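All of these numbers come straight from a predicted model, not from anything done at the bench.
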Amino acid sequence: MFPYEFQKERRVSADRNAIGAYYVVADDDCVPPTDEWLDKAIDIMERHPDFAILSLWPENAVIQKWTPEGYEAFHDEEVTEHIDVGGIRVCRKGVITEWPEQKKATYDREHCQAIRDKGFRVGYYRQIMMWHSGEGKSSLQRN
């Protein structure tokens with residue numbers, strides 16, 4: 001196992017050990033809002049059962065609207081579908097049973113593609129924000 005495979009393994013462990021229908025996977029350089037955001041986040045997940053991951057919107061980043069050719073991404077006042085998401089993620093337990101191999105230092109793209117392959121969506125909360133201290137940087141290095 002490469003040292004950076006932690007990105008995959010932390011998701012697998014969280015999914016397997018979650019005791020409820022949802023769990024949170026957070027990067028260590030992200031700061032959630034100070035209000036009662038998690039209850040709101042779960043309520044939104046319940047209203048959007050086709051989403052398996054919704055991430056808090058990084059208020060210090062520029063997120064472009066995802067407009068893939070030949071596919072209409074979902075957008076409403078609560079969520080916006082995207083190709084992959086990270087930071088602080090609220091995840092639906094049990095969507096993935098066979099996790100794809102981690103091929104790079106990050107795992108967001110592989111994780112999100114596996115979710116789409118199961119017929120679910122991934123995206124961002126439009127009204128629940130976080131601060132991403134490491135925006136545009138990564139401390140992960142491949143040896």
Side-chain angles (χ1 to χ4, degrees), residues 1-61 63-68 71-143:
M1 177 166 79
F2 292 107
Y4 63 80
E5 286 181 344
F6 169 76
Q7 295 300 328
K8 173 186 174 184
E9 293 306 314
R10 71 184 178 131
R11 291 166 170 86
V12 172
S13 179
D15 193 88
R16 287 185 182 151
N17 291 300
I19 57 173
Y22 307 101
Y23 59 92
V24 175
V25 175
D27 294 353
D28 65 356
D29 62 347
C30 294
V31 181
T34 57
D35 65 353
E36 299 294 323
W37 67 272
L38 188 54
D39 289 335
K40 290 189 282 187
I42 290 172
D43 288 345
I44 292 169
M45 285 285 283
E46 289 178 349
R47 286 194 294 275
H48 294 83
D50 52 333
F51 280 82
I53 293 181
L54 285 169
S55 288
L56 279 62
W57 191 278
E59 62 182 288
N60 61 325
I63 305 292
Q64 301 295 327
K65 188 173 183 179
W66 186 43
T67 57
Y71 178 80
E72 188 168 336
F74 180 85
H75 309 281
D76 71 9
E77 62 280 348
E78 293 184 312
V79 303
T80 187
E81 186 176 5
H82 216 277
I83 188 167
D84 65 28
V85 297
I88 300 175
R89 311 151 187 85
V90 179
C91 306
R92 195 174 300 278
K93 179 180 173 62
V95 172
I96 300 175
T97 55
E98 294 183 30
W99 293 77
E101 178 184 355
Q102 182 173 344
K103 298 179 180 180
K104 299 182 292 183
T106 63
Y107 193 67
D108 292 332
R109 185 65 53 98
E110 295 98 322
H111 188 187
C112 292
Q113 184 59 52
I115 286 169
R116 280 195 301 281
D117 290 347
K118 293 288 186 177
F120 287 86
R121 301 175 192 264
V122 302
Y124 288 101
Y125 293 102
R126 295 188 61 188
Q127 309 281 327
I128 306 174
M129 308 281 186
M130 68 171 179
W131 184 263
H132 186 185
S133 298
E135 178 60 35
K137 304 174 190 83
S138 177
S139 61
L140 296 173
Q141 301 294 325
R142 184 170 181 180
N143 295 334

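- Annotation: the span from Asn60 atom CG to Met130 atom CE amounts to 8.0 Å, rounded to 0.5 Å.
- For the atom pair CD (Gln7) and NZ (Lys104), the distance works out to 12.0 Å, reported to the nearest 0.5 Å.
- In this structure the side chain of Met129 never reaches within 4.5 angstrom of the side chain of Leu56, judged on heavy atoms.
- Between Pro32 and Trp37 the shortest heavy-atom distance is CB-NE1, 3.5 Å.
- Note that the CH2 atom of Trp57 and the CZ atom of Arg126 stand 7.0 Å from one another [nearest 0.5 Å].
- In this structure, Ile53 CD1 and Ile96 CD1 are separated by 7.0 Å, a value rounded to the nearest 0.5 Å.
- Here the side chain of Arg11 pairs no donor or acceptor atom with the backbone of Val25 at under 3.5 angstrom.
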Trp66 and Tyr124: CA distance, side-chain angles, deciding distance, ring-ring contact (aromatic ring centres under 6.0 Å, His included) verdict: CA-CA 11 Å; Trp66 186 43; Tyr124 288 101; over 10 Å; no
Side chain to side chain contact (heavy atoms under 4.5 Å, CB included) assessment of Tyr125 paired with Val90: CA-CA 10 Å; Tyr125 293 102; Val90 179; 3.5 Å; yes
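- Separation of atoms CE (Met45) and CD (Glu78) is listed at 12.0 Å; rounding is to 0.5 Å.
- Residues Lys40 and Leu38 fail the side-chain proximity criterion, which asks for heavy atoms closer than 4.5 Å.
- Nearest approach of Val95 to Arg92, heavy atoms of both residues: CG2-O, 3.6 Å.
- The side-chain contact (heavy atoms from CB on, under 4.5 Å) search around Asp84 returns Asp108, Arg109, Cys112, not counting sequence neighbours.
- When the side-chain contact (heavy atoms from CB on, under 4.5 Å) test is applied to Pro100, the partners found at least two apart in sequence or on another chain are Tyr107, Glu110, Ala114.
- In this structure, Glu81 contributes its side chain and Ala73 its backbone to no donor-acceptor pair below 3.5 Å.
- Contact annotation: the side chain of Asp76 approaches that of His48 to within less than 4.5 Å [non-hydrogen atoms, C-beta and beyond].
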Test log, rule side chain to side chain contact (heavy atoms under 4.5 Å, CB included), inputs Leu54 and Val85: CA-CA 8 Å; Leu54 285 169; Val85 297; over 6 Å; no
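- Shortest non-hydrogen contact noted between Arg89 and Ser55 is CG-OG, 3.3 Å.
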Intermediate values then yes/no, salt bridge (charged side-chain N to carboxylate O under 4.0 Å, His left out), Arg10 and Asp27: CA-CA 10 Å; Arg10 71 184 178 131; Asp27 294 353; 2.5 Å; yes
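- The side-chain heavy atoms of His82 and Val122, taken from C-beta on, include no pair separated by under 4.5 Å.
- For Lys93 (side chain) and Asp15 (main-chain N/O), a donor-acceptor pair under 3.5 Å exists by modelled atom type.
- Looking at heavy atoms from C-beta onward, Pro33 lies in side-chain contact with Ile128 at the 4.5 angstrom threshold.
- Taken from CD in Glu9 to CH2 in Trp99, the straight-line distance is 9.5 Å, to the nearest 0.5 Å.
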